Amino acid sequence: MCYHYSINKTATEIAERYNILPRLPQIDPFPVHYHTNGFDHEYLPIVLQNVKEGDLNIDFMQWGMVPAWVKGEEHASGIRSKTLNARYETIDVKPSFKHAFKYRPCLVPATGYFEWMHYNGKKYPFFIFVPDMEIFSFAGIWDEWISEQTGEILHSFAIITCEANRLTSKIHNARKRMPVILDPQNENEWLMADEIPKKKALLKPFDSSRMNAYTISRLITDRNRDSNIPGVVRPFKYPELNDLELSG
DNA sequence: CCAGACGTTGTT
DNA sequence: GTCTGG
DNA sequence: CCAGACGTTGTT
DNA sequence: GTCTGG
């Protein structure tokens, strides 16, 4: 699963990472997100294929995908907390996701994500990242929803999940899921492929040996403070976890 | 056929 | 313990 | 996912 | 819009 992640880079830096240079003036300034909570449905930078010109573009979409067929604002705000993630196993058959899976793939730029380990009855937050990629991509899907009431257009997205790999299943010691992270050489393929088996073949757990993680402070879920600050991704030690071995 | 849902996570 | 709201 | 509530009566 | 349960 993945309900909390980090993209603490400016839109300009993200554009450079994906070789999207020409449109820079339009997309900055944009706030960085040391921590975004899915249930806040923030606007976040998304990379997608520009249908007309064929090159990549950045758009800003709300996390929590509202499918195009949803009727009414109330229904839209009700469903988006349940569509933060989409299971890869059923993404091609679920009514909420199959259309977006077929026609609207996207990359979700990230610098890391957050997960809680359950240990002796307590929960410990971890920051999980890919040391060899400052910005990496979750595989995502998006959709366009138009409000009947206001005519307003909403672009929103979901992050695809798969079974956890070795590292992430140790942090998730109960149920084992993780967001799909794409190898950079597969990013374009994810945006371009049009055969369902080809697309599903890309949705695999990322190489555990290329990932790393450490504990962070409980500031991340402190409701009395803004968690979107650098301190939220800084290492924080819990003495009772000292014996824990993540790499083995 | 119609009505109603449409989703994920976690669980010693 | 379990549900709800964010 | 986590944090926080979890109930009723009567109401200027 | 499309699927599922009754």
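Below, chains carry the letters A, B, ... as their sequence lines are ordered, and counting in each starts from 1. Quick caveat, the model's predicted, so the values are computed rather than measured.
Checked for salt-bridge contact, Glu89(A) and Arg177(A) meet the test: a charged N lies under 4.0 Å from a carboxylate O.
For Lys123(A), counting side-chain heavy atoms from C-beta on, the closest listed nucleotide (dT9(B), dA3(D), dC6(B)) is dA3(D). The side chain of Thr221(A) lies closest to dA3(D), out of dA3(D), dG7(B), dT8(B). Here dT8(B) is the nucleotide among dC6(B), dC1(D), dT8(B) with the atom lying nearest to any side-chain atom of Thr161(A).
Distance check on atom P: dT11(B) versus dA3(D) gives 14 Å, rounded to whole Å. Here the separation of dG6(C) from dT8(B), taken at their C1' atoms, is 16 Å to the nearest Å.
The aromatic rings of Phe129(A) and Phe127(A) lie parallel to each other, their planes meeting at an angle below 30°, with 60° marking the opposite boundary. In this structure, Trp116(A) and His4(A) have perpendicular ring planes: the angle between them is above 60°, well past the 30° mark.
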Subject >> Dot-bracket encoding of pairs in DNA chain C, which uses [ ] for pseudoknotted crossings and | for another strand, Watson-Crick or G-U under 3.5 angstrom >> reply: ||||||
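The aromatic ring of Trp116(A) does not sit over the base of dC2(D), since the test of centres under 5.5 Å and planes under 30° is not met.
Once you apply a 4.0 Å limit to the heavy atoms of chain A, the touched nucleotides of DNA chain E run 5' to 3' over dG1(E) to dC3(E).
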Side-chain atoms of residues 92-107 of chain A: list all donor-acceptor pairs with protein atoms under 3.5 Å, sequence neighbours left out, distances to 0.1 Å.
unit_1    : atom_1 : unit_2    : atom_2 : d
Asp92(A)  : OD1    : Lys200(A) : NZ     : 3.2
Arg104(A) : NE     : Asp143(A) : OD1    : 3.3

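Between His35(A) and Val233(A), every side-chain heavy-atom pair lies at or beyond the 4.5 Å cut-off.
Nucleic acid contact class of Ser81(A) (heavy atoms, under 4.0 Å, all strands): none.
A side-chain N or O of Tyr124(A) and one of Glu240(A) form a donor-acceptor pair less than 3.5 Å apart.
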Original post:
When you look at Arg17(A) and Ser137(A), which way does the side-chain contact (heavy atoms from CB on, under 4.5 Å) test go after all the steps?
Top reply: CA-CA 11 Å; Arg17(A) 154 69 170 79; Ser137(A) 309; 3.9 Å; yes
